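One structure below.
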Amino acid sequence: VQLQASGGGLVQAGDSLRLSCTVSGRTIGTLAMGWFRQAPGKEREFVAAVSADGENTDYSDSLNIRFAVARDNTKNTVYLQLTALKPEDTGVYFCAARVVGVSFRRSVVRVRPDDYTYWGQGTQVTVSS
């Protein structure tokens, strides 16, 4: 399974970005997906997650107003819409995936980064003030 993240860039405070994560090597409908970010010198932190079927989402409490996660399983892609960006949003954004059984494909569970099996290479987001 390979995850390819893209869409990052250098933007100004208040701008928006849409990150994409394209999955290959496995049927995306069997994968619960998450987004994490890591700022320089800080630990990787949870941003958002979406269930395998796309019906349910979960967000970091501090980010749920400005960020939105969605997926299009027909395109093997998961998205993270970032709005009203702030300099403190600067970091590398990673998408991650974990296999879930049929009974759990509508569920979204906030798990630790270690519980995700597959990771993309990350895409850099830099927000200038």
Side-chain angles (χ1 to χ4, degrees):
V1 178
Q2 293 187 329
L3 280 61
Q4 180 71 41
S6 62
L10 172 62
V11 297
Q12 294 186 333
D15 285 351
S16 298
L17 279 175
R18 188 177 77 161
L19 309 183
S20 299
C21 176
T22 301
V23 178
S24 60
R26 189 179 181 103
T27 302
I28 194 173
T30 66
L31 300 171
M33 303 293 295
W35 284 95
F36 293 79
R37 69 182 184 184
Q38 188 164 19
K42 295 187 177 181
E43 293 186 352
R44 192 168 298 190
E45 67 170 333
F46 170 75
V47 175
V50 59
S51 59
D53 68 355
E55 290 294 316
N56 292 288
T57 56
D58 183 29
Y59 296 92
S60 168
D61 291 343
S62 62
L63 300 173
N64 62 350
I65 295 176
R66 298 187 294 117
F67 293 1
V69 62
R71 64 193 292 162
D72 185 343
N73 285 356
T74 67
K75 296 182 178 179
N76 293 329
T77 302
V78 179
Y79 305 97
L80 184 67
Q81 180 70 43
L82 314 176
T83 61
L85 282 161
K86 304 175 181 180
E88 51 264 43
D89 294 320
T90 294
V92 180
Y93 284 69
F94 298 90
C95 58
R98 59 188 187 91
V99 178
V100 293
V102 172
S103 300
F104 297 95
R105 289 179 185 169
R106 182 155 292 191
S107 301
V108 61
V109 178
R110 188 178 303 188
V111 298
R112 302 169 304 172
D114 288 349
D115 290 321
Y116 282 91
T117 306
Y118 308 106
W119 288 83
Q121 83 290 358
T123 185
Q124 176 72 45
V125 172
T126 304
V127 185
S128 64
S129 57

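We count residues from 1, following the sequence as given. This structure is a prediction, so every number in the text was calculated from the model and none was measured.
Distance CZ/Phe67 to CG/Leu19: 8.5 Å, rounded to 0.5 Å. Here CG of Leu63 is found 10.0 Å from OG1 of Thr83. Values are rounded to the nearest 0.5 Å. Taken to the nearest 0.5 Å, the CZ atom of Arg110 stands 6.0 Å off from the OG atom of Ser60. Rounded to the nearest 0.5 angstrom, Asn73 CG and Thr27 OG1 are separated by 9.5 Å. Going from atom CZ of Arg37 over to atom CD of Glu45 covers 4.0 Å, rounded to the nearest 0.5 Å. Summarising the geometry, atom OG belonging to Ser20 is positioned 10.5 Å from atom CG belonging to Asp72; distances are rounded to the nearest 0.5 Å.
Using a distance-only test at 3.5 Å, with no hydrogens or angles considered, a donor-acceptor pair links the side chain of Thr90 to the main chain of Val127. Between the side chain of Tyr59 and the backbone N or O of Val69, at least one donor-acceptor pair lies under 3.5 Å. With hydrogens and angles disregarded, a donor-acceptor distance shorter than 3.5 Å links the side chain of Ser51 to the backbone of Asn56. No donor-acceptor pair under 3.5 Å is formed between the side chain of Thr123 and the backbone N or O of Tyr93. No donor-acceptor pair closer than 3.5 Å links the side chain of Arg26 to the backbone N or O of Val1. In this structure a side-chain-to-backbone donor-acceptor pair under 3.5 Å is present from Gln121 to Ala5.
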>> Using salt bridge (charged side-chain N to carboxylate O under 4.0 Å, His left out), reason through Lys86 and Asp89 one step at a time and then give a plain yes or no.
In response: CA-CA 5 Å; Lys86 304 175 181 180; Asp89 294 320; over 6 Å; no
>> Run the side-chain contact (heavy atoms from CB on, under 4.5 Å) test on Thr117 and Val99 for me, step by step, so that the C-alpha distance in whole Å, both residues' side-chain angles and the decisive distance to 0.1 Å come before the verdict.
In response: CA-CA 8 Å; Thr117 306; Val99 178; 5.7 Å; no
>> Does Arg105 form a side-chain contact (heavy atoms from CB on, under 4.5 Å) with Thr30? I'd like the steps, not just the answer.
In response: CA-CA 7 Å; Arg105 289 179 185 169; Thr30 66; 3.4 Å; yes
>> The test is salt bridge (charged side-chain N to carboxylate O under 4.0 Å, His left out); show your working for Asp53 and Arg106 and say whether it passes.
In response: CA-CA 6 Å; Asp53 68 355; Arg106 182 155 292 191; 2.9 Å; yes
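For the residue pair Ser6 and Gln4, no side-chain donor N or O sits within less than 3.5 Å of a side-chain acceptor on the partner.
Val108 and Leu31 are members of different hydrophobic clusters when ILVMFWY side chains are connected at heavy-atom separations under 4.5 Å. Criterion: ILVMFWY side-chain heavy atoms under 4.5 Å apart, direct or through other members. Under it, Tyr79 and Trp35 are not part of a common hydrophobic cluster. One hydrophobic cluster, built from ILVMFWY side chains closer than 4.5 Å, cannot hold both Val100 and Val50; they sit in different ones. In terms of hydrophobic clustering, with Ile, Leu, Val, Met, Phe, Trp and Tyr side chains grouped at heavy-atom distances under 4.5 Å, Leu3 and Leu80 are assigned to a common cluster.
Applying the 6.0 Å contact sphere to CD of Glu88 captures more than 12 heavy atoms from other residues, nucleotides or ligands.
Through direct or indirect side-chain contacts shorter than 4.5 Å among Ile, Leu, Val, Met, Phe, Trp and Tyr, Phe94 is connected to Phe36, Phe46, Val92, Val109, Val111, Tyr116, Trp119.
In this structure, Ser16 and Ala84 approach most closely via the heavy-atom pair OG-N, 4.2 Å.
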